[in-house]
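Quick caveat, the model's predicted, so the values are computed rather than measured.
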Amino acid sequence: MTSKKVLVAVAWPYAQGPLHLGHIAGAYLPPDIYARYRRAKGDDVLMVSGSDVHGTPITVKADELGVSPADIVGKYHPEFLTYWDDLDIEFDLFTTTGTDTHRRVVQDFFLKLLDNGYLYTDTSEQFYDEKEGRFLPDRYVEGTCPNCEYPHARGDQCDNCGKTLDPIDLIDPRSKFSGTRPVLRETEHYYWKLSEFNEPLLEWLNSREGWRPHVLNFAIGMVTEGLHDRAFTRDLEWGVPLPVDDLGPGKSIYVWWEAVMGYLSAPQEWAEAQGTPDAWKAWWEDPDAESYYFVGKDNIPFHAIYWPALLMGHGGLNLPTDVPANQYVTFGGKKASKSMGVGRPLSWYLDRFETDGLRYAIAQNLPETNDTDLDDDEIARRINEELVATWGNLVNRVVSMTGRYFDGVVQQHGDLAPEDEAALARAAATVVDTGALLDDVKLRGGVARAMQGAQEANAYLSDMAPWTVAKTDLPRAGTILWVASQMIVSAAVSLWPYMPTTSEAVLEAFGVSTADGVAWRAPTVAAGTTLGELPPLFSKVELDDEDS
RNA sequence: GGCGGCGUAGCUCAGUCGGUAAGAGCGCUCGACUCAUAAUCGAGAGGUCGGCAGUUCAAGUCUGCCCGCCGCUACCA
């Protein structure tokens, strides 16, 4: 098997507020699991993301707090970095859209689209807040709904009757910023000929294989309805400025088009930092390179439609291999989101659960095909019933018996019984089967299959009863424990993408070095190995009543 | 309103191209075992697959309608 270049592209969070467990489950843990697997397989993985510093919500929040957008970013970007550290999520680079490299890449991209004939200028009328001196996004115009006369309708939609609105139709419009009545003012913008990509996009989407059905169906449905040209620029100071000056000052590239270009700029920033400025091309220009975009389902349009269309317009760059978008994690049926304020801060979970335990519980409940419910009791149950009892206890009992009967030294196995051969075959199958599921980005199925390996080892021990055999035939007990050890290290490898810390501890204790990384194959525990010190892998979790 | 998705055992969820008597984990009941963090192993009970109608030799799996929940609806992300 040859090594592949794999770009693991992770959704860029707004540096606007703390992240919740829903974000981790939806977009941040899955790519880490997948990237670890591909690395273990021997592939050359580049995992990048960063903070989106230009979103409108950031400027709004900054206005509300009376600080600069940079202050908001300065608070949350470092906070994100601590999340990754706490959760063992390893990026090759987690940057921001505020870097010089990003600006350069975005501006070059703009010029390329312009050069290829996909951008043109046009004028339109937009609401303008004269007091604030700024144009207003639809959402920041309020007024009376022309449909139901609800007095606090937003420019994009009325919360009362649910009707989609155009801000121009609002009765008695007012600016959400200043409360004054906005005026219509002509503004000139660059527009993107998105409509020209309907057919190529449809053709491309229809030829995708192995994508999650909900992702493909949604994208195809949207393109089939027909995409229209869209403005490429905005009347905003906070953003990446245009590389041309024919529109005058005060214009930025629309944050969404600019943010997805981070997938292109971050690898370049990474390459520059490595001292090999052209290294990024191996992931972007080599047609054999793969790219996986890990996002929540709300981001499907941007990663399965708009970004591919931008890449088509640019030319010479790889389109996404897959966009394994996740559904939502709900808490007691309620979506976790910053805006709704549902769900607790990550620190709450980190204070109560070990990292690997939390990673495991989330992985077992990943919303890959449906919205999935996850609560504290479920996390605790996963840890107590599955990690402590099934996996941790398995390791513990084998280490304990090896210590008791053989002073902790793994024995040279004698003749293998059919049951032993079968057990060893199952150990190998655990690694192979888990890998097959991970190849399909079925992370939830993968972790369940890996844990099955631990259950099989428990069943093998139960059948062989080495504690009984040891009384009459010590060498035979040594063989049984060796076989069980093989099953343990195979399970440890299979679980490594999910729980790197504890898996590495197990492998090291059984004499399998992880200094050069973990290799995706069933390792061999050598006879004569003295099992290392290994405290219990996991501790039982007890949630206080007040926690629930 | 439009588009899309979901509704499968007490709980959380799987169910590829429609096809042998509907699955997993947990929980529950019973049994076995005692090396192990009272952990483990085995067996069993438990579902008219949201409702109604239709297509088909055959539907959880396709079609229509209804009920409930959710997302998107484009310059909001």
[N] [atom2] sits how many Å from [X] [atom1], rounded?
X: W257(A); N: A74(B); atom1: CH2; atom2: C1'; answer: 8 Å
X: E456(A); N: G42(B); atom1: CD; atom2: P; answer: 10 Å
X: N326(A); N: C13(B); atom1: CG; atom2: P; answer: 13 Å
X: E386(A); N: C13(B); atom1: CD; atom2: P; answer: 14 Å
X: N384(A); N: G27(B); atom1: CG; atom2: C1'; answer: 14 Å
X: K442(A); N: C13(B); atom1: NZ; atom2: C1'; answer: 15 Å
X: W256(A); N: A74(B); atom1: CH2; atom2: P; answer: 15 Å
X: F218(A); N: G4(B); atom1: CZ; atom2: P; answer: 10 Å

Can you tell me the base-pairing partner of [N]? Count Watson-Crick or G-U wobble geometry only, both distances below 3.5 Å, and say none if there is no partner.
N: U48(B); result: none
N: G54(B); result: C62(B)
N: G31(B); result: C41(B)
N: U16(B); result: none
N: C69(B); result: G5(B)
N: C75(B); result: none

Spacing of the [atom1] atoms in [M] and [N] (rounded, Å):
N: G71(B); M: A9(B); atom1: P; answer: 23 Å
N: C52(B); M: A59(B); atom1: C1'; answer: 15 Å
N: A45(B); M: G7(B); atom1: C1'; answer: 26 Å
N: U20(B); M: C62(B); atom1: P; answer: 16 Å
N: G15(B); M: G54(B); atom1: C1'; answer: 24 Å
N: U40(B); M: C33(B); atom1: C1'; answer: 8 Å
N: C11(B); M: G2(B); atom1: P; answer: 33 Å
N: G25(B); M: C67(B); atom1: C1'; answer: 31 Å

*Of the nucleotides G25(B), C75(B), U40(B), which one has an atom closest to the side chain of N458(A)?*
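Nearest to the side-chain atoms of N458(A), counting from C-beta on, is U40(B).
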
Could you tell me whether [X] contacts a base, only the sugar-phosphate backbone, or nothing, with contacts defined as non-hydrogen atoms closer than 4.0 Å?
X: A459(A); answer: sugar-phosphate
X: P536(A); answer: base
X: Q364(A); answer: nothing
X: R381(A); answer: sugar-phosphate
X: L537(A); answer: base

Mutual orientation of the aromatic rings belonging to [X] and [Y] [parallel < 30°, tilted 30-60°, perpendicular > 60°]:
X: H303(A); Y: Y293(A); answer: tilted
X: F80(A); Y: F94(A); answer: perpendicular
X: F197(A); Y: W192(A); answer: tilted

*With nearest nucleotides of RNA chain B determined for A454(A) and R397(A) from heavy-atom distances, which residue corresponds to the more 5′ nucleotide?*
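Nearer the 5' end of the strand: R397(A).
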
*Which comes earlier along RNA chain B counting from the 5' end, the contact point of N365(A) or that of H228(A), where each point is its nearest nucleotide?*
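On the 5' side of the pair lies N365(A).
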
*Do Y306(A) and W256(A) make the cut of ring centroids closer than 6.0 angstrom?*
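Ring centroids of Y306(A) and W256(A) are no less than 6.0 Å from each other.
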
*Quick check, are the ring centers of Y190(A) and F110(A) under 6.0 angstrom apart?*
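Ring-ring flag for Y190(A)/F110(A): true, centres closer than 6.0 Å.
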
*Regarding T97(A) and H102(A), is there a side-chain donor-to-acceptor distance under 3.5 Å anywhere?*
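Side-chain D/A pair, T97(A) to H102(A): absent.
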
*Closer than 4.0 Å, any side-chain N/O of R404(A) to the OP1 or OP2 of A36(B)?*
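For A36(B), OP1/OP2 do have a side-chain N/O of R404(A) under 4.0 Å.
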
*Would you tell me if any nitrogen or oxygen in the side chain of K297(A) comes within less than 4.0 Å of OP1 or OP2 on G4(B)?*
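For G4(B), OP1/OP2 do not have a side-chain N/O of K297(A) under 4.0 Å.
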
*State whether the distance check finds a donor on one side and an acceptor on the other, under 3.5 Å, for side chain N393(A) versus base A36(B).*
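Indeed there is one.
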
*Salt-bridged, K442(A) to E368(A), with N to O below 4.0 Å?*
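Answer for the salt bridge query: no.
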
